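Remarks on the structure that follows.
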Amino acid sequence: MSAALPGSLAGKRGLILGIANEHSIATGCAKAFAAQGAVLAATYLNEKAKPFVAAVTDHLPCEIFLPCDVEAPGQLEAVFDAVAQHWGRLDFLLHSIAFAPAADLQGRVVDCSATGFARAMDISCHSFLRAARLAEPLMKDGGALLAMTYQGSERVIPHYGLMGPVKAALESVVRYVAVELGPKGIRANALSPGPIATRAASGIAHFSDLLETATHASPERRLVTIEDCGTLAAYLVSDAARMLTGTIIPVDGGEHLLGV
Ligand code: NAD
């Protein structure tokens with residue numbers, strides 16, 4: 001019987017998908033998980049991205065470090081194979097990845113191509129399902145799955161375009177996964193951060209306008225940070241959040257209350 005406090009992640013093992021560099025939301029989460037005592041596995045997109053991800057994971061208790069492009073056949077499976085061999089189990093999984101082809105992202109949703117739509121949906125949404133399916137047999141004593149969404153799923157946010165419908169699908173998927181895996185003690189939730197200047201965000205046109213709007217719309221007139229996301233993420237994957245599942249949790253300083 002562990003004497004760890006409910007919010008502690010001591011003894012827990014977590015897989016992080018989505019660190020690109022020190023500014024990534026996944027980086028804020030990984031640091032918070034480690035600060036609560038978790039040991040980690042992390043992935044990098046490709047050889048070009050590897051040194052930027054390693055610059056983060058080298059300072060963390062990261063025991064497994066592998067490439068994972070969710071479009072590359074077999075790579076996600078290889079990561080879970082490594083987790084199975086090295087740890088034999090998994091306690092939590094962070095899915096913090098998204099992509100849409102620039103031409104489709106920056107045009108009207110009405111005009112997006114079928115291939116661009118399918119690719120954005122595959123990388124940003126269906127890969128969460130694939131990861132959940134692979135995590136299921138490893139979460140023998142239950143576990144926690146966490147995705148990253150954005151309020152562009154519910155409201156039309158200028159220039160968020162195609163990612164809006166994709167995030168709406170992701171949120172729905174989180175709810176279905178929560179119900180389907182709940183009997184095994186596996187929870188699924190999503191954080192919905194306000195805008196943060198990351199690499200992915202730089203693909204959204206006029207992103208600085210979004211930051212400015214968010215600052216004005218948040219009751220405390222402040223923007224969310226990756227550290228804020230990490231604090232909440234660490235709570236959500238801990239046993240302290242055992243009654244929270246299928247929930248989309250805004251971490252935006254209340255911007256969604258007044259969002260314009
Ligand atoms: P980021 O660029 O740091 O992270 C995006 C990650 O997606 C990168 O690590 C990238 O390698 C990964 N990725 C893209 N295509 C991939 C593929 N084919 N296979 C594997 N990984 C792939 O940006 P971020 O803002 O930290 O994004 C993380 C998550 O947070 C995304 O789901 C994003 O939509 C969401 N989010 C971001 C904001 C924001 O304002 N930055 C707000 C709300 C939600």
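These values consider heavy atoms only, across backbone and side chains, with no hydrogens, waters or symmetry-generated copies. When a residue number appears, it is its place in the shown sequence, counting from 1. Whatever order the structure lists them in is the order used to number ligands and atoms, beginning at 1. The model shown is predicted, which means the values in this text are computed figures rather than measured ones.
- Remark: Phe65 engages Tyr44 in a ring-ring contact (aromatic ring centres under 6.0 Å, His included) (not counting sequence neighbours).
- No side-chain heavy atom of Thr213 sits under 4.5 Å from any side-chain heavy atom of Pro158.
- Within 4.0 Å of ligand 1, contacts by protein heavy atoms are made from Gly18, Ile19, Ala20, Ser24, Ile25, Leu45, Cys68, Asp69, Val70, Ser96, Ile97, Ala98, Phe99, Ile123, Met148, Thr149, Tyr150, Lys167, Pro193, Gly194, Pro195, Ile196, Thr198, Arg199, Ala200, Ala201, Phe207.
- Counting heavy atoms of neighbouring residues, nucleotides and ligands inside a 6.0 Å radius, atom CZ of Arg89 exceeds 12 of them.
- For residues 119-142, the pairs satisfying salt bridge (charged side-chain N to carboxylate O under 4.0 Å, His left out) are Glu71-Arg119, Asp122-Arg130, Glu136-Lys184, with sequence neighbours left out.
- The salt bridge (charged side-chain N to carboxylate O under 4.0 Å, His left out) analysis of residues 47-64, with sequence neighbours excluded, yields no pairs.
- Of the possible donor and acceptor atoms, none in the side chain of Thr198 sits under 3.5 Å from a partner among the backbone N and O of Ser24.
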